[in-house]
Protein chains: 2
Amino acid sequence: MPRTKAGGDRRSERRSDLLEAAQRAMAEHGAGVRLNQVAEEAGLTSGAILYHYPDLQDLLIDANRAGMERFYDERMKALDGVDDPAERLVITIRSGLPVDDDDEEVRLLCALGGEAARNTVYAVLLTSLFDRQVAMYQSILEMGRAQGAFTLANDSLSIARNLVALEDAYGYRIMAGHPSLDHGATAELILDYARLATTHPLAKES
Amino acid sequence: MPRTKAGGDRRSERRSDLLEAAQRAMAEHGAGVRLNQVAEEAGLTSGAILYHYPDLQDLLIDANRAGMERFYDERMKALDGVDDPAERLVITIRSGLPVDDDDEEVRLLCALGGEAARNTVYAVLLTSLFDRQVAMYQSILEMGRAQGAFTLANDSLSIARNLVALEDAYGYRIMAGHPSLDHGATAELILDYARLATTHPLAKES
DNA sequence: TCCCGTCCTGAATCCAAATTCAACAAGATT
DNA sequence: AATCTTGTTGAATTTGGATTCAGGACGGGA
């Protein structure tokens, strides 16, 4: 098998190039993205794409899976070295919202969300992302409760689900360019709920 | 101008037929719906559609506008004759969620939401729907406060925005067929928040 | 060096959808 | 009854993307 100096095989390197190209193309053109648009994004011809992925649908599914994975990983990484549950909660809320309406990662997720109502595969992917994010919040909430910092107003599963739901919805609003809802305003709205649900002040500067 | 027995002109009757056909077609096929698919839904040929709407985009925009209008009107109608703010709040929460994952009205809104991140016109339409729904909740919250039934934990605008956001997000979850989130479960999750925000018990049976 | 497998291009072909339009049906108007 | 208007079809044409494939570049191994 042909390998690069660094030791990776060329095939899987090229594939991950294609995944990124497909992510960009789908973020820009939506779920109905054309083969040629992916090819252009990759700097190749459509034949080359077909060589690696005979079925465009497979590529798009892999691309979305990879995109969701990256989104989730980045959020986890943002928590590195933070121990205080209140701080973890605030950071997590902020990292779930798009920075602005140009955020490509979230644009991809929005396209996916619209498609999931009609496409079972995308629905499964997004449902699993939702549940993983819920678990992430839930563990933060439980940790805060165990340490006595949070007094939860409902079961942690319900609160976690509402937090993820708020994030999701405000992500769409930001991407749609709502005139008075930006990253800061929506983070504050979600924090309003988090304060009610945890009975913790969750200071702005943490 | 040619008229029917009932007095409406044929042109606008046909147009509203087309709007409904376009709504069904877009709910089924997504934002990338084809002219032929709309025509089939309408029981006509593509030429006939083009006769009324030379540009498919215009038809789709009108169809979505009409769909959003209907959605909003139905929610208002569900409040007819209900005076108690707590009841109004519960009814409004329930009427904002799809009944199940086959709800065509919400399927259309989901398709629209995914597209809004890339299409300014759709973004404007959805933003305006969001804001109208916020206003609807806000008036209920203010009425409840005026009557002494609600003690709001935050300003009514913030609470109203969070309520609409929760609705939106759970609508997507239900349409994606989340295994444990159905109409009843999500309504209860939103009610959990509403109880915290209003300090009102909002009984299940109202 | 020569060969071989991998990866990719560009042209040819295929196909589905959009678009155009002459013709016609059916009411409405005179 | 004759004519006009509106709405529609179905066939012809155009368009644009998908698919196929022969050929070529390039690097690695003999």
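In this structure, His200(A) and Phe150(A) have perpendicular ring planes: the angle between them is above 60°, well past the 30° mark.
Between Tyr51(B) atom OH and dG7(D) atom P the separation is 4 Å, expressed in whole Å. Spacing between atom CG of Leu35(A) and atom C1' of dC8(C) amounts to 14 Å, rounded to whole angstrom units. Between Leu44(B) atom CG and dA25(C) atom P there is a gap of 18 Å when expressed in whole angstrom units. Asp17(B) has its CG atom 14 Å from the C1' atom of dT8(D), to the nearest Å. As rounded to whole Å, 8 Å separates atom P of dT19(D) from atom CG of Asp55(A). Atom-to-atom, CD of Glu40(B) to P of dT9(D) comes out at 13 Å; the value is rounded to the nearest Å. Note: OH (Tyr53(B)) to P (dT8(D)) measures 13 Å, nearest angstrom. A straight line from CG of Leu50(A) to P of dC8(C) spans 13 Å, rounded to a whole angstrom.
Counting any heavy atom pair closer than 4.0 Å across all strands shown, Leu56(B) reaches no nucleic acid atom.
Look at Asp73(B) and Arg70(B) and you find no salt bridge, because none of the NZ, NE, NH1 or NH2 atoms lies under 4.0 Å from a carboxylate O. Comment: Asp83(A) does not engage Arg88(A) in a salt bridge, judged by the lack of any side-chain N to carboxylate O separation of less than 4.0 angstrom.
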Exercise answer: donor-acceptor pairs, residues 119-126 of chain B side-chain atoms, under 3.5 Å, sequence neighbours excluded:
from: Asn119(B); atom 1: OD1; to: Val121(B); atom 2: N; distance (Å): 2.9
from: Asn119(B); atom 1: OD1; to: Tyr122(B); atom 2: N; distance (Å): 3.2

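One distance of note links OH of Tyr193(B) with CG of Leu196(B); it measures 8.5 Å at 0.5 Å rounding.
Distances were taken from every side-chain heavy atom of His52(A) (C-beta onward) to each of dA18(D), dT8(D), dC7(C); the shortest belongs to dC7(C). Closest contact between the side chain of Arg34(B) and the listed nucleotides dG10(C), dA18(D), dA17(C) involves dA17(C). When each of dA18(D), dA18(C), dT9(C) is scored by its nearest atom to the side-chain atoms of Asn36(A), the top-ranked nucleotide is dA18(D).
Side-chain N/O atoms of Arg14(B) include one lying less than 4.0 angstrom from OP1 or OP2 on dT8(D). In this structure, Thr45(B) reaches the dT9(D) phosphate: one of its side-chain N or O atoms is under 4.0 Å from OP1 or OP2.
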